[in-house]
There are 2 protein chains.
Amino acid sequence: MPYDSANSLRKHMKTEPAGPESPTSATGGLAAARLDPAASVPLYRQIYDALRNDILSGALARGQRLVATRVMAEELSVSRNTVLEAVEQLTAEGYLTAHVGSGTFVAEDLPEELLRVGALSELSKPGEAARLSARGQAFGQWASSTAGDRNHPFQVGRPAVDRFPWRAWSRLVSRRSREMSPDWLDYADSAGYPPLRRALARYLHASRGLDCSPEQIVIVRGSQQGLDLTARIVLDEGDAVWMEDPGYPAARVAFAAAGAREIPVPVDAEGIDVARGRDLAPEARLAYVTPSHQYPLGVTMSLGRRLELLRWARETDAWIIEDDYDSEYRFAGRPLASLAGLDRGRHVIYLGTLSKVLFPALRLGYVVVPPEHVDAFVGARYACDRHTPVLEQAVVADFFDEGHFGRHVRRMRTLYARRQSRLSRAIVEHLSDEIDLQHSDTGLHDVGWLRRRDDDLATSRLAASVGVSVAALSTFCNQARLRPALLFGYAGFPGDELAAAVERLKRALEGP
Amino acid sequence: MPYDSANSLRKHMKTEPAGPESPTSATGGLAAARLDPAASVPLYRQIYDALRNDILSGALARGQRLVATRVMAEELSVSRNTVLEAVEQLTAEGYLTAHVGSGTFVAEDLPEELLRVGALSELSKPGEAARLSARGQAFGQWASSTAGDRNHPFQVGRPAVDRFPWRAWSRLVSRRSREMSPDWLDYADSAGYPPLRRALARYLHASRGLDCSPEQIVIVRGSQQGLDLTARIVLDEGDAVWMEDPGYPAARVAFAAAGAREIPVPVDAEGIDVARGRDLAPEARLAYVTPSHQYPLGVTMSLGRRLELLRWARETDAWIIEDDYDSEYRFAGRPLASLAGLDRGRHVIYLGTLSKVLFPALRLGYVVVPPEHVDAFVGARYACDRHTPVLEQAVVADFFDEGHFGRHVRRMRTLYARRQSRLSRAIVEHLSDEIDLQHSDTGLHDVGWLRRRDDDLATSRLAASVGVSVAALSTFCNQARLRPALLFGYAGFPGDELAAAVERLKRALEGP
């Protein structure tokens, strides 16, 4: 703002006070108002700001009369309409009062106590922001998680955005956006767009062994919202949650945000150790698991563990979240049936995402919930953000119905298997003395165990210095003390990039 | 499912047990498997389901050997590949074990205790869903709020979706979707798309008297998410919140969902009664207000009250949410400056929405927060749903930059003024003995005070029976006992529809 409050528009006030309460007289240099016609702020707004500042700071006193707008305009070299606009706005907002025939005055009816010297100017001074709540402060610590370097191999969780059929997608978007009608613009169903819910029910039945009705499917804005909503719906503050250790950090964040008490439960070659969970916190209200492809270790939960987990949930009336984030990409054979499909007791909330199958920026996912609890999820959507926009949902439904979805998944499955094997060959060739890559037959990443280094975090930082993004396994651990390892996401990067990154990593590890 | 579990695939088992623990022998009618080639479920899946059911129910015992797939295929009259597919899937999932040369067996390594008679079959029986948390149960009660009859006059909060320039919009959508690049498909900034944040900062400065940097603006998924995030960030469970009474029901829901204690504070002709709030709960952490156009009463908060409220917040280190949901539509003169623009103490969180200016299904809004607390909002977005999809944000930024936004607001302002006056004339002509319409110079709705009826809820129901949607003022009240009134949203309906609805309402009120 070009306005200098020390040399304000006081000059524009008549010197004779309009009432006994007006202690100050208006003086000051007109030129000092320094209106700046070139500023992006309109002139009327500059005048408005200057006058309002003076009223709030007490420089213009209650009841004091302004000089005529015509005079003010001449002295400021602006049109009278510009001054009028500022004065009318201040009048509409209650700072000024117009008396027909006698001019415009600083309002008399500002609260008495606020007009004591200092009270108003106190308000107009910059101050500290109010403090946040305890949970609000906790949110701040996660802000840095949102940044992150996503463009370098081997970023975990990145699908092949370079191979997404965006031309087909964009055609569908254009077609749907041309069809927009008033009905499409209005508030929509909090549970989701019905044709998409139907398409997903068919898909889940055929590919995940999950029999559910479209009414049990609630569309959410990505799996993170599914986690957040589920946490708030099944947990009260202080409730215990079994969390896979190592496990998915963003799930831990969602549970912490809901005030839950995290109980880290070890993961072995069969998945989460249910017996250990029972020892640590038999009273837990929820277990978070990734049965198809444990995140990040990549193991598949054994049938025995699945049955044990279901039995625990049933016996203790607890919940299970099955986060099925990448099971579409099982390279050998069909995807394994979901845990939810085994659950006749309705203790599993199935969480699916389209971020990995389509693309992350879409922010669409879904939860499958027991019929009697659909209302809780719909009500929670109402409380949290009303509903998901319709356009993307309709485009995804078309993407399913016109066969793009199935085709894309099949292509990506082949592509990812190829990228995985390219990564594997490069590591065998260049880094076999450093890294033992554990092959997983599902998903978008593999675990590379460090053969002769103890500190995976330091190794990860060293890699970052040469543009290689390998997350340290230890950063996914809570209590678990595992052998040091790095995560290699291979899905989101062409084979040549993967190979080049392996060579860069090799040189970095060899040192200067 | 056409499969009848009482007549299962047991027949397909050899009768001699493969080990000492296999107590049951496999018998049953083959035809009874009743595979249904016409079903939407693939045949392999029907066989898979049947076999899995038998294993889980104990009908097929641990260690028992299956008949050869060739034999099974002949008896079921399906191709051997179909049977193989089912068997391989069950093998991959751990239900069956293949021993080279000797055939396929029900897995031996299912947990011992689960195989006791009854334990597994118990798991496979339908049961009750697990119970929700206390707050989860509360969510359920809001599910019905999401439905609502939105197509009838005088639905409140509906903008003129019939006059939205959707051709221009759809052109922008098509253009942006054609430009999609891999970068656009990946995870994006939790705070929002930078060009949109810049466009909003300019807009807020010029039209709302609010000086903020683009970095202070966090894009959210509609004002409801702004409320939900703010509630979680500034409130802990049990904290008191001043809520305008009568007030915006969805804000009450967001505060309740955050575990806050609602303190209803009366609203008079100057807005929220700050002195009364101080009496009722001086320790409140947050005040929720709609200063430009009180929802639902339509009054504008006086300057005095604004200053009082700011002073209270500053003195007690409390927060204010300024929900500025429809201030663009001030018919006389420019929109009044925002409360946030007056706040040098950084105690106001400004909440803006694009649902009213553009269209509700878009689900885009924004919060303006003190610079030092941007991280908390960004972290909360990460915990709740990562980020807003980029496509719509980019289209809205274009809509601003190419002048559509300003043009649309100006057109709608004129249109709404016309619709308002059409409503007003119709009521004077037909319903003047029943309804006293209180004219507001801002927004999308007016309050119609009932002249001779006591029960606004009953009147609202009577109106609904003739397709007229007039919300009863009493449903917005908590402790407040106001004169009975109905809300007339006029923005979303053409003049003729408004007039016809007034006539329908007149006939309904006259009775048969």
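Keep in mind that what you see is a predicted model, and the values were worked out from it rather than measured. Note on naming: letters A, B, ... go to the chains in the order of the sequence lines (proteins, then strands), and numbering restarts at 1 for each one.
- For the residue pair A:R178 / B:S174, no side-chain donor-acceptor distance below 3.5 Å is found, with atom types taken as modelled.
- Put simply, of A:V390, A:D317, A:D236, the one with the most heavy-atom pairs under 4.5 Å next to chain B is A:D236.
- Contact count against chain A (heavy-atom pairs under 4.5 Å) is highest for B:E237 among B:E237, B:R175, B:R167, B:R163.
- Interface check for chain B: of the options A:A361, A:G136, A:G365, the most heavy-atom pairs under 4.5 Å are formed by A:A361.
- The contact between A:A318 and chain B is made entirely by backbone atoms, counting heavy-atom distances below 4.5 Å.
- Among A:A258, A:G259, A:S302, A:A160, the residue with the largest count of heavy-atom pairs under 4.5 Å with chain B is A:A258.
- Put simply, of B:A92, B:P370, B:A254, the one with the most heavy-atom pairs under 4.5 Å next to chain A is B:A92.
- With hydrogens and angles left out, the side-chain atoms of B:Q155 and A:Y187 include no donor and acceptor closer than 3.5 Å.
- In terms of non-hydrogen atom pairs under 4.5 Å with chain B, the most contact-rich of A:P371, A:G492, A:S355, A:G209 is A:G209.
- Using a 4.5 Å cut-off between heavy atoms, B:R285 touches chain A through its side chain atoms alone.
- For B:A256, no part lies under 4.5 angstrom from a heavy atom of chain A.
- Using a 4.0 Å cut-off between charged nitrogen and carboxylate oxygen, A:R232 and B:D228 count as a salt-bridge pair.
- With rounding to the nearest 0.5 Å, the separation of SG in A:C384 from CZ in B:F139 is 5.0 Å.
- With a 4.5 Å cut-off on non-hydrogen atoms, B:T230 does not touch chain A at all.
- Side-chain contact check for A:L362 versus A:F164: every heavy-atom pair is 4.5 Å or farther apart.
- For A:R52, the part sitting under 4.5 Å from any heavy atom of chain B is the side chain, from C-beta outward, and nothing else.
- At a threshold of 4.0 Å, the pair A:E179-A:R176 counts as salt-bridged, since one of the basic side-chain nitrogens sits closer than that to a carboxylate oxygen.
- For the options B:H387, B:R135, B:Q225, heavy-atom pairs under 4.5 Å to chain A are most numerous at B:R135.
- The choice from A:G222, A:S170, A:A250 that makes the most heavy-atom pairs within less than 4.5 Å of chain B is A:S170.
- There is no contact between B:A138 and chain A, counting heavy-atom distances below 4.5 Å.
- Both the backbone and the side chain of B:P389 come within less than 4.5 Å of a heavy atom of chain A.
- Interface remark: of the candidates B:D162, B:L235, B:L185, B:V161, B:L185 forms the most heavy-atom pairs closer than 4.5 Å to chain A.
- Aromatic rings of B:F359 and B:W169 (six-membered ring for Trp) have centroids within the 6.0 Å cut-off, being under it.
- Note that the CD1 atom of B:I320 and the CZ atom of B:R346 stand 14.5 Å from one another [nearest 0.5 Å].
- Contacts of B:A134 with chain A are made by both backbone and side-chain atoms, with heavy-atom separations under 4.5 Å.
- Among all heavy-atom pairs drawn from A:A380 and A:L229, the shortest one is CB-CD2, 3.9 Å.
- For the pair A:T300 and A:R306, the minimum side-chain heavy-atom distance is below 4.5 Å.
- Looking at A:R202, neither its backbone nor its side chain comes within 4.5 Å of chain B, counting heavy atoms on both sides.
- Only the backbone of A:A206 comes within contact range of chain B, with heavy atoms under 4.5 Å apart.
- Atom CZ of B:R314 is separated from atom CD of A:E128 by 9.5 Å, given to the nearest 0.5 angstrom.
- With a 4.5 angstrom heavy-atom cutoff, B:L391 touches chain A only via side-chain atoms.
- Chosen from A:Q141, A:E392, A:Q137, the residue pairing most often with chain B at heavy-atom distances under 4.5 Å is A:E392.
- With salt bridges taken as basic N to acidic carboxylate O contacts below 4.0 Å, none links A:D385 and B:R363.
- Neither the backbone nor the side chain of A:S223 has a heavy atom closer than 4.5 Å to any heavy atom of chain B.
- In this structure, chain B has a heavy atom under 4.5 Å from the side chain of A:Y48, while its backbone stays farther away.
- Annotation for B:L132 and A:V234: closest pair CD2-CG1, 4.3 Å, computed over non-hydrogen atoms.
- Of the atoms belonging to B:Y44, it is side-chain heavy atoms, and not backbone ones, that fall under 4.5 Å from chain A.
- In this structure a side-chain-to-backbone donor-acceptor pair under 3.5 Å is present from A:H373 to B:A130.
- There is no contact between B:E88 and chain A, counting heavy-atom distances below 4.5 Å.
- In the model, B:E93 has a side-chain atom that pairs as donor or acceptor with a side-chain atom of B:Q89 under 3.5 Å.
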